[in-house]
Amino acid sequence: MSQKITKIENDYTQQQAAQNRSKQQKAHVHQVHRRRLIGFGLLALCLVLVCGVQIFRTHQTLANVEQKQTVKKKQLKQAKAQESDLKIEVKQLHDDDYLAKYIRYKYYYSKDGETIYSLPQDKAPNLTQQQK
């Protein structure tokens, strides 16, 4: 049967065949371009996601460092205030009059012939019980 069928070879059939090849070629090119566009789109999406994650992590790290910096500045301020207080106290302890008053107040020392009375609300130890 195949010997009985022949193709018509005229201008119209050649034109139709050329149009079919052209359509198939255009469809193939369109499909290739679409695949490339999807591939580049996915690549760009991945790149944006990676950069976004890095930016988020960097932002979190920066916030953490700023918080620690604030805490350290407070600690430094407190340490400087304490240092200032201690320097003042050292200067005062080098003064003999202040030192004598401090010892008399803190440790209940008295001068010759002086009597110290402790009131009930004072935090002074009961010296009479200690002497027994």
Side-chain angles (χ1 to χ4, degrees):
M1 233 182 174
S2 64
Q3 293 176 354
K4 293 183 181 180
I5 300 174
T6 60
K7 286 187 177 182
I8 300 175
E9 296 290 334
N10 62 14
D11 290 337
Y12 178 75
T13 57
Q14 289 176 358
Q15 186 182 8
Q16 289 297 322
Q19 283 180 353
N20 284 341
R21 282 192 303 267
S22 175
K23 284 181 183 179
Q24 286 176 352
Q25 188 176 10
K26 284 182 183 179
H28 178 68
V29 168
H30 181 69
Q31 187 179 13
V32 168
H33 285 156
R34 187 171 181 209
R35 283 183 192 163
R36 285 181 186 166
L37 185 61
I38 289 173
F40 286 135
L42 288 176
L43 183 65
L45 180 64
C46 289
L47 184 65
V48 167
L49 285 175
V50 168
C51 290
V53 167
Q54 288 292 50
I55 289 171
F56 180 74
R57 285 183 181 173
T58 303
H59 179 68
Q60 291 291 344
T61 304
L62 178 63
N64 192 13
V65 167
E66 286 176 348
Q67 182 183 12
K68 286 180 181 179
Q69 182 183 20
T70 305
V71 169
K72 293 299 180 183
K73 282 184 178 181
K74 284 182 181 179
Q75 289 176 351
L76 178 64
K77 189 175 180 180
Q78 290 173 351
K80 283 184 177 182
Q82 185 179 10
E83 179 187 19
S84 173
D85 292 344
L86 289 175
K87 282 183 179 182
I88 291 170
E89 189 175 344
V90 166
K91 281 183 181 179
Q92 289 175 340
L93 289 174
H94 285 289
D95 183 21
D96 291 335
D97 292 335
Y98 175 80
L99 187 60
K101 287 180 184 179
Y102 182 77
I103 291 173
R104 289 180 65 210
Y105 171 76
K106 183 82 172 171
Y107 300 106
Y108 295 102
Y109 283 136
S110 62
K111 294 180 182 177
D112 291 336
E114 184 179 49
T115 305
I116 299 175
Y117 296 98
S118 176
L119 299 175
Q121 64 266 21
D122 287 344
K123 295 180 182 177
N126 192 348
L127 298 177
T128 57
Q129 290 179 357
Q130 289 179 354
Q131 291 175 354
K132 290 181 181 179

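In the displayed structure, Ile8 atom CD1 is contacted under 6.0 Å by at most 12 heavy atoms of other residues, nucleotides or ligands. Within a 6.0 Å sphere centred on CG of Asn10, heavy atoms belonging to other residues, nucleotides or ligands number more than 12.
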Cut-off 3.5 Å, no hydrogens considered: what does the side-chain donor-acceptor table look like for residues 77-96, sequence neighbours left out?
| unit_1 | atom_1 | unit_2 | atom_2 | d |
| --- | --- | --- | --- | --- |
| Gln92 | OE1 | Tyr98 | OH | 3.4 |

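Partner of Val71 under the side-chain contact (heavy atoms from CB on, under 4.5 Å) criterion, chosen from Gln75, Lys68, Lys74, Gln69: Gln75.
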**OP:** Test side chain to side chain contact (heavy atoms under 4.5 Å, CB included) on Gln19 and Gln15 and set out the steps.
**Re:** CA-CA 6 Å; Gln19 283 180 353; Gln15 186 182 8; 4.1 Å; yes

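Within the 3.5 Å criterion, the main-chain N or O of Gln54 finds a donor-acceptor partner in the side chain of Thr58.
Taken from CD1 in Ile55 to CG in Leu62, the straight-line distance is 13.0 Å, to the nearest 0.5 Å. From Leu42, atom CG reaches atom CG of Leu37 across 9.5 Å, with rounding to the nearest 0.5 Å.
By the 4.5 Å heavy-atom criterion applied to side chains, Gln31 and Arg35 are counted as neighbours.
Residues Asn64 and Thr61 have side chains that never bring a donor and an acceptor to within less than 3.5 angstrom of each other.
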